[in-house]
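Because the structure is a prediction, the values reported are computed rather than measured. The chains referred to below are lettered A, B, ... by the order of the sequence lines, with proteins before strands, and numbering in each begins at 1.
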Amino acid sequence: MELVAQGPYRFGIERHGPMRVPGVVFASRELLRDARQSLEQVANVATLPGIVGASYAMPDIHWGYGFPIGGVAATDVAAGGVVSPGGVGFDISCGVRLLAADCDAQQLAAALPDVMDDLDRVIPRGAGPGGVWHPRGEGELERILEGGARYAVERGYGEERDLTRCEDGGAVADADVSQVSARARERGLGQVGSLGSANHFLEVQQVAQVRDAAAAEAFGIREGQVCVMIHCGSRGLGHQICTDHVRAMDQAMARYGITVPDRQLACTPVDSPEGRAYLGAMAAAANYGRANRQLLAHAARQVFRRAAGARLTLVYDVSHNLAKIETHQVDGDRRRLCVHRKGATRAFPPGHPELPPDLREFGQPVLIPGTMGTASYVLVGVAGGDAFFSTCHGAGRVMSRHRAARAVTGAELRDRLERAGTAVRPLSLRGLAEEAPEAYKDVDAVVAASEGAGLCRGVARLVPLGVVKG
DNA sequence: ATGTAC
């Protein structure tokens, strides 16, 4: 794949073959080496009907289902632009929630082992069923799919202020539960309030460094402070919705005269029965994901209150796997676009009307989960960035699970982390080994490249004190 | 990511 350097952190893929727009990869030269194999997917996405601007890739790009993870693509709704479930991914609404405690790491030190033991007991995780809340039948599940974190708060699992610090106020209005299959509902019913497995985690962290004092203060974080970061998604429900709608679109595509270079890019126009059906089901999964993180946050709050007498306040909750209908400036006019962000985080700039009033002058908080034993970040959206106000989402995998598990044993990794001062509460040692930090890119380099590319600005760097893993 | 395949 031919790449043209367009800046220190920006590389272009010129249009070739059926590409409708160019590709743009934001990365340092070093990160680009890990991205090579995924560039074909960036070019494939550029062939989608209605795509505008470019097919973008973030510095943490890696191989995904159809679209690369770390990909951003926007299509023009009025011009026959498509929506593709592969552009969101199987874990619809996977995202990150950060809570800040009213204590510093030093103050928590004595209680930390108790906090970790309690979290170990109360946080459901791993594959399969289990959750902190069991909805009373499908009726209540539907309330979650329509109301998201808002419904969880209504039922007493949180406080009203949580919703102002949650993307979309805790719920999107366009969920269509009739497009959520019986099988998806069945899988979702038993997993409300659960982490899942793989790279999902709940971490107790410490703010190691503040890089933007004014933004940090507005977000409610300060150096030395204890935080809780929750990274999880919509579990089997989102997975099943993706499966169902990929199949439906794969079968319907030909009727719209759409051909794609990879069947995993199955798509139909946003403005089609199949497109609307997917977006309605996706919105339901998005709400499920927010409710999931709301319930886990509630469980963590109870643990912190009981074991440490500490209170947790929500900093922000944002997804990095969603498609959204947004209005953007394209070639001088305002256009309604379907913005796919898959392993990419929305990063609204200062002044954006969708931001809560107390954050508006600073920009949208962006939460970047690192890997065990490495840092996580709080960033903020900036004006003038490319890629429809999007930035990176995490470290990005470079080693397969299998290779990671061969490179290190779970017991070795656990001992290494504990020696480095990070308490570890894994569900399985095999799962722990698969998530070894060396299986990922350097999150510090990913964040530096994202900042260098003008996509965001650093606010704070957090380091782990304890990690709860599936 | 995922009752790690229909």
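- Atom C1' of nucleotide B:dC6 and atom CG of A:Asp244 are separated by 13 Å, given to the nearest angstrom.
- Taking atom CD of residue A:Gln240 and atom C1' of nucleotide B:dC6, one finds them 12 Å apart after rounding to whole Å.
- At the heavy-atom level, A:Glu434 lies nowhere under 4.0 Å from the strands shown.
- In this entry the distance linking CG of A:Asn292 with C1' of B:dT2 reads 14 Å, nearest Å.
- The distance from atom NE2 of A:His245 to atom P of B:dT2 is 19 Å, rounded to the nearest whole Å.
- When the C1' atom of B:dT2 is taken as reference, atom CD1 of A:Ile92 falls 12 Å away, rounded to whole Å.
- Per the geometry, CZ belonging to A:Arg247 stands 19 Å off P belonging to B:dT2, to the nearest Å.
- Pairs passing the side chain to side chain donor-acceptor pair (under 3.5 Å) check and including a residue from residues 273-294 of chain A, sequence neighbours excluded, read A:Arg97-A:Gln294, A:Asp162-A:Gln294, A:Asp168-A:Arg290, A:Arg255-A:Glu274, A:Tyr256-A:Glu274, A:Asp271-A:Arg276, A:Arg293-A:Asp317.
- Rounding to whole angstrom units, CZ of residue A:Arg183 and P of B:dA5 are separated by 13 Å.
- Residues satisfying the side chain to side chain contact (heavy atoms under 4.5 Å, CB included) test with A:Ser400, not counting sequence neighbours, are A:His402, A:Arg403.
- Contact annotation: A:Thr243 side-chain N/O to B:dT2 OP1/OP2 distance is not under 4.0 Å.
- Straight-line distance from the CG atom of A:Asp91 to the P atom of B:dT4: 15 Å, rounded to whole Å.
- Backbone-only engagement by A:Gly128 is indicated by non-hydrogen atom pairs under 4.0 Å involving sugar-phosphate atoms exclusively.
- Within a 6.0 Å radius of CZ in A:Arg143, other residues, nucleotides and ligands contribute 12 heavy atoms or fewer.
- By the 6.0 Å contact criterion, CD on A:Glu30 is open, its count of non-hydrogen atoms from other residues, nucleotides or ligands being 12 or less.
- Listed pair A:Arg235 / B:dT2 meets the phosphate criterion, a side-chain N or O lying under 4.0 Å from OP1 or OP2.
- Nucleic acid contact class of A:Gly236 (heavy atoms, under 4.0 Å, all strands): sugar-phosphate only.
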